[in-house]
Amino acid sequence: GLTVNVRGQQEMGRVNVNIDGARQNYNQLTHGTASRVYLDPALLAQVNVEKSNLAQNGGAGASAGIVTMRTLNTDDILDDGEDWGGKVNVSHGTNEYNFAGDASAGVRVSPKFDVSTAVSRKIIGNYHPGKRNPGLYQTGNGNYYSIENATPDFTYMRQMSGLVKANVYLTENQELNLGYVGTKSEYAKTSNVTNSTSNNFTDFNETNTHTLTAKHNWNPESDLVNLNSGMYWTRTENSQYRPERRSSTGTVTTDSFDNTYKLDTVGADVSNKSDLSFDDIGDGLSKVSFDYGTEFFHDKAKTTAEMGGLGGYGAAYQVQGSTPGGERDVYGGYLTATYGWNDVFQLSGGLRYDRYALNGDTFWCETQAASGNLCEDGGTPLDIDLTGDKVSPSFGGSITPFDGIQFFANYRENLRAPTIMEGLLGGDHIGNVGVPFYSNSNLQAEESETKEIGVNFKFDDVLQKNDGFRAKLSYYRSKIDNYTTLAYVPQPTVTGTIVPGVITSTSPKTAAAIVNLTDPVYINGTELEMFYDARRYYLGGTATFNDLDLQGNYNPYVLDTTYDANANNTYVNLLGTETIGDPIYGGANQLYGIYAVPKRKITLDGGLRFFDEDLVLGMRGTFVTPQDNVGNPTLSSIVGKYFKYRVFDFYSSYEVNNNLRLRFAVSNLFDEGYVQGTGGSYAPAPGRTAILTLSGNF
């Protein structure tokens, strides 16, 4: 599964990651990242990342960006002038990269109709990690992990995927685009830090995704109409088998589970663009453009669990409560006006309105002790009904005082609706941990504002004829109110020890809940992109520098029930002298854990082209300095010190003729041992892996 981080924000819809415009909103609560998108890269044609303009369809419920993964279509498969044809790729490599192959074909049946299809298969085994610089990270409680004690066992994957597309050109200015994309993946969990693999305690998964899209475009010979509309349905369903957990003596401690996590999303959107031209001002054309539209999507989640009946601890509600069922509706609409003069000056301003409604039945369990679960009777029911809305302004401008240099600035506000999982969390932690999950019936949506300034450079014929230089430098600052995360909270009752006439002591019991931080979260960053291409050779790179303040206090009383007076304090009465300790929960030190984007990430990419550019030889280097994840260092499994790493990759391609190409690549050339801190997986990344690919056209 893919989790995308844009400018320090990820998961829970903060980044709208979509396939051909269809939102992928799947969440499953784990010790790693909870939001994942499943798509085979072999089906990809293009990825577009929008970080500035959320005043468009796709911006509803998002706060950081829109990532659109466009899959293959007829024009990506067929060359100009071809009526039929296809492409084939076959790969084999070292380090258990056993096989990857895909085939795509397209037919232009007539000028009014074309169809295309693609299928892909991938088989990957249990890879070995890099052996150079084996240190990976150190947890908050001081445990040190390297490639020796964080081995990536059970990393196999078997994947099948495919797509079908059809394009109908209704008239000269209308077209209808229909598509289906599906993927089936079989894989296992990979971390033996939080999930022991020594006794075959790995969770095995089969994930199936289905995405249906229908889009219509009407672009007549009118400056007032360029109308786009669309509908989609997507389903992500993960069937997970969780084997029983046993003690060292072989006794079943936790029963086995067969779980099914499913999320269906349906949505629709419509947008239009209208241009108005005015009389020339000076020597330039003056124009105003209006972009406006509306969108809606509906999420429906359902989780089921069946027990193996082997004894030990466990109950189906633990699975169903931590990734709960429920429904969510999100609406959005926007209007943006943009004034431009002669490609020199541009000014825009707009408003968007967002509204959400989330509802479902949940419950809370009171757990006095790890072995004294009191939720077997169904717990205390809760009816969650969350709604909210916001009008968000945005504006921006750019000026090009000299050819090739453009300065720009942007400002926007956004509303990020809570997800079903955030709103309906319930039950208690599986495995006899004794930590219940509580729903927060007063959960609020995140409200963010982002400011951005920067400059673009674009020059041609710089050092020699037909070369080009492109660069972009930007600085952004995001402020997020009501930041939503998992934190520890008190249970409404306390436990105590009583010795008559001598001592009475009580202390709160721990629970976990989704909370809003009462302090704003700040994320600052600088981004630099540069690329020079002289055809015979090229050199480029990116650099990002981030500073994050992801900590803050929160209200620990999340349940609408009566709390004991000492529910958040320690209380001792010793020989008539009362002592009450400071509040335990509600501070930044009790956050479970928030993933942080790397403090510094630098990439360099350069290469040479030979034989009329038929042969390409290139190298890429990636240098990462992680930023420690935020949260309680002793109670969270994701908080700790992540070690910096550097990875070098070699790639090459040779075009034998118009129909045949060979590619050879070596990733992690120097066999670096590393783990990505923002991904939530403690398994190290693959070591040196060489892959040979044969590509053909027909």
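Because only heavy atoms are used, hydrogens play no part in the values below, and waters and symmetry mates are left out as well, while side chains stay in. Treat the numbers as computed from the prediction; the structure is a model and nothing was measured.
For the residue pair Y554/T485, the side-chain donor-acceptor check at 3.5 Å is not satisfied. Under 3.5 Å, the side chains of Y26 and Q28 contain a donor-acceptor pair of N or O atoms. Between the side chains of T518 and N553, not a single donor N or O lies within less than 3.5 Å of an accepting N or O. Remark: the S35 side chain and the T3 side chain contain no N/O donor-acceptor pair separated by less than 3.5 Å. Side chains of T510 and Y585: a donor-acceptor N/O pair is present below 3.5 angstrom, by distance only. Under the 3.5 Å distance criterion, with hydrogens and angles disregarded, no donor-acceptor pair is assigned to the side chains of Y187 and D203. Between Q318 and D428, the side chains place a donor N or O and an acceptor N or O closer than 3.5 Å (distance only, hydrogens not considered). Between the side chains of N359 and D385, no donor N or O sits under 3.5 Å from an acceptor N or O.
Remark: K390 NZ is packed, more than 12 non-hydrogen atoms of other residues, nucleotides or ligands lying under 6.0 Å away. For NZ of K51, the number of neighbouring non-hydrogen atoms (other residues, nucleotides, ligands) closer than 6.0 Å is greater than 12.
In this structure a side-chain-to-backbone donor-acceptor pair under 3.5 Å is missing from D481 to P520. Listed for the T236 side chain is no donor-acceptor partner under 3.5 Å among the backbone atoms of L263. Between the side chain of N569 and the backbone N or O of Y571 there is no donor-acceptor pair closer than 3.5 Å.
The shortest distance between side-chain heavy atoms of E446 and R14 falls below 4.5 Å. Counting heavy atoms from C-beta outward, Y476 and E527 have side chains that approach closer than 4.5 Å. Between S63 and Q9 there is a side-chain heavy-atom pair separated by less than 4.5 Å. Contact check for P436 versus Q491: side-chain heavy atoms found under the 4.5 Å cut-off. Proximity of M12 to T484: side-chain heavy atoms (C-beta onward) are nowhere separated by under 4.5 Å. The closest side-chain heavy-atom distance from V515 to V558 is below 4.5 Å. For the pair P492 and Y438, the minimum side-chain heavy-atom distance is below 4.5 Å. Residues Y557 and L559 are not in side-chain contact: their nearest non-hydrogen atoms beyond the backbone lie 4.5 Å or more apart.
The six-membered or imidazole ring of Y137 lies near that of Y145, with a centre-to-centre distance under 6.0 Å.
A cation-pi arrangement, defined by a distance under 6.0 Å to the six-membered ring centre and an angle within 45 degrees of its axis, is absent between R620 and F648. Taking the ring centre of F296 as origin, the terminal cationic atom of R328 falls outside the region bounded by 6.0 Å and 45° from the ring axis.
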